Novice: 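Sharing a structure, written as structure tokens. Questions coming.
As the structure is a computational prediction, the values presented were derived from the model and not from experiment. Residue numbers begin at 1 in each chain, while the letters A, B, ... track the order of the sequences.
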Amino acid sequence: MFEQHFANYLMEKQKISETQYVLVQEQQKISRVKLGLIAVAEKLISNEQAEELNLLQKSTDRRFGDLAIEKGYLTPEQVDFMLEKQGNPYLQLMQILTENNVFSVDELEELLNDYIVDNGFQAKDLEVLKNGDLDSIIALFIKTDNSLVNDYLALAVRNVIRFINSRPLVNKVQVVKEYSAGNLSYQRLTGDNELLLGFASNDNELLEIASAFAKEDFNQLDEDSFDSVCEFINCINGLFATELSHNDVILEIMPPAFGPNQKLSGPEGVFIVPMSLNGKQVDLIAVVNGQVDQ
Amino acid sequence: MARILVVDDSRTTRKILRKMLENRGHEVVDEAANGEEAVAKYKEIKPDLTTLDITMPVLDGIGALKQIIDFDSNAKVIMVTAAGQKHKVMEAMKANAAEFITKPLLEEEVMERIDRVLQKAND
Ligand SMILES: [Mg+2]
């Protein structure tokens, strides 16, 4: 997640061109290998075991390595070895940029410091960005004064990565007083907390979510594709409400809704996580005690 | 092979479930998009098995489950829902749901639970 964000920063600052980044991504694809493949290639597990773990991974929101250890297929040392082989995407980006003489290592260090300052991160965040696990990195991007909203949005981002796009460009959370959506799908949670989760886009960019979730190629925002986005939100809300129910927080999930030209507001403002999915701009939105107007 | 009624307000999920069930040779005899429709269609069709979502407009799945069980105490109803909150699971089990599956759906899990319920019904 950090690697995409940093690369995007370099493009915005015109330090690298879009073409250069496309080439970098091509090179990353070649060097980025699935853990399951590495484990099979290294003869650490069988094909069947890898398939079983891939299936489990899809159903449990857990990492391949953790599941393999739990099943007794791999030792923690073997997983570390594989992770090293797979390479951290940020390090890969650095390696490709320096190997191709786009920047020297010193120049990159300097750009990284600029990035930290310009994006409101702290120096101590750098270690997490570079080497932290996904949850810790997401937490740095989703930092508001409301810890419930932080958990809510972080869960949503994790599920975007899990079901919609494994390499989204996610920006830091923003808070605005009011939000106008060209197109919006949303669903409310009511009870001990009044929450609303939604996805919005200016035009038909929501199709990116709709098609990925339903595994179907939609080409217009109609009832079918809006429904797919709504059901994705429903799944996220279900996971969130279920998780909170174990702490005796009672939430009811309301039927979702969708439509063009909607305005959102709330006493704490509207929390927005802008993201780019395959180049399509979509906003993830959360509101506490929110209001939706046409 | 069973005759199955699929109930969910999301057409996306109805489509996914239909595909999974038909892949295993079951027949999806009808679909319903809310609880009221579900109860009416259950009474009309008397399916072997019903998959029932909870979060739906008009009448939710828990309300529909109670009415279906009132009508047919042997009804095989599997909750298939994102609403996995503790109190929802307890309410559904108290109202005699045969199984409780939470979304996001995984084909293996769904089919295993459905087979289990059908197996029990045949024992
Ligand atoms: Mg529903």
Side-chain angles (χ1 to χ4, degrees), chain A residues 51-52 54-61 155 158-159 162-164 185 187-192 197 209-216 218 222-258, chain B residues 6-20 22-23 31-38 51-64 79-94 100-114:
Chain A
E51 260 163 49
E52 182 197 345
N54 282 329
L55 264 177
L56 261 178
Q57 201 187 3
K58 270 187 221 148
S59 64
T60 54
D61 198 22
L155 177 75
R158 277 206 304 278
N159 279 283
R162 191 175 155 201
F163 291 106
I164 309 299
S185 284
Q187 184 180 45
R188 292 178 185 277
L189 292 176
T190 179
D192 289 344
L197 190 76
I209 294 177
S211 297
F213 185 70
K215 298 195 176 73
E216 203 178 319
F218 293 115
D222 53 14
E223 284 205 21
D224 285 334
S225 47
F226 263 127
D227 179 84
S228 174
V229 181
C230 284
E231 188 66 347
F232 175 52
I233 296 169
N234 181 44
C235 287
I236 300 170
N237 273 331
L239 290 167
F240 190 62
T242 301
E243 204 175 291
L244 289 187
S245 77
H246 296 297
N247 300 323
D248 293 317
V249 176
I250 304 218
L251 293 171
E252 297 291 330
I253 308 170
M254 305 308 287
F258 60 81
Chain B
V6 170
V7 185
D8 200 303
D9 59 330
S10 165
R11 54 183 81 196
T12 307
T13 292
R14 292 201 304 272
K15 208 166 174 180
I16 293 172
L17 275 171
R18 175 182 280 274
K19 211 185 273 170
M20 285 182 188
E22 289 178 348
N23 274 345
E31 297 180 4
N34 66 56
E36 214 172 81
E37 242 181 74
T51 74
L52 190 51
D53 183 24
I54 289 183
T55 308
M56 293 185 291
V58 190
L59 174 66
D60 75 3
I62 300 281
M79 310 312 285
V80 180
T81 179
Q85 300 99 304
K86 260 191 337 198
H87 65 284
K88 293 290 170 200
V89 179
M90 284 188 317
E91 258 189 297
M93 289 310 168
K94 228 166 55 190
F100 199 104
I101 303 173
T102 50
K103 296 173 185 173
L105 298 180
L106 222 106
E107 183 155 6
E108 279 65 29
E109 188 196 3
V110 173
M111 294 320 302
E112 190 197 296
R113 305 278 192 102
I114 285 178

Novice: With salt bridge (Lys or Arg N to Asp or Glu O under 4.0 Å) as the test, pick out the partner of Glu231(A) among Lys103(B), Lys15(B), Arg11(B), Arg14(B).
Specialist: Lys103(B)

Novice: If I take atom CD1 from residue Ile54(B) and atom CD1 from residue Ile253(A), how far apart are they, to the nearest 0.5 angstrom?
Specialist: 8.5 Å

Novice: Can you name the side-chain contact (heavy atoms from CB on, under 4.5 Å) partners of Gln57(A), sequence neighbours left out?
Specialist: Asn54(A), Phe64(A), Leu67(A)

Novice: Using a cut-off of under 4.5 Å for heavy-atom pairs, which of His246(A), Glu216(A), Glu223(A) has the most such pairs with chain B?
Specialist: Glu223(A)

Novice: To the nearest 0.5 Å, tell me how far Thr55(B) OG1 sits from Gln187(A) CD.
Specialist: 6.5 Å

Novice: Side chain from CB out, backbone as N, CA, C, O: work out which of these in Phe232(A) comes under 4.5 Å of a heavy atom of chain B, or both, or neither.
Specialist: neither

Novice: With sequence neighbours excluded, what pairs up with Phe258(A) under the ring-ring contact (aromatic ring centres under 6.0 Å, His included) test?
Specialist: Phe226(A)

Novice: Return all side-chain donor-acceptor pairs below 3.5 angstrom for residues 107-114 of chain B, not counting sequence neighbours, or 'none' if the list is empty.
Specialist:
from, atom 1, to, atom 2, distance (Å)
Glu109(B), OE2, Arg113(B), NH2, 3.0
Glu112(B), OE2, Arg116(B), NH2, 3.1
Arg113(B), NH1, Glu99(B), OE1, 2.9
Arg113(B), NH1, Phe100(B), O, 2.9

Novice: For chain A, find its close neighbours in residues 79-86 of chain B: heavy-atom separation under 4.5 Å, sorted by number, or none.
Specialist: Ala82(B), Ala83(B), Gly84(B), Gln85(B), Lys86(B)

Novice: Going from CG on Asp9(B) to SG on Cys230(A), what distance comes out if it is rounded to the nearest 0.5 angstrom?
Specialist: 9.0 Å

Novice: Is it the side chain or the backbone of Asp8(B) that comes within 4.5 Å of chain A heavy atoms, both, or neither?
Specialist: side chain

Novice: Decide if atom CD of Glu252(A) counts as having more than 12 heavy atoms of other residues, nucleotides or ligands within a radius under 6.0 Å.
Specialist: yes

Novice: At their closest point, which heavy atom of Thr12(B) faces which heavy atom of Asp224(A), and how far apart are they?
Specialist: OG1-O, 4.0 Å

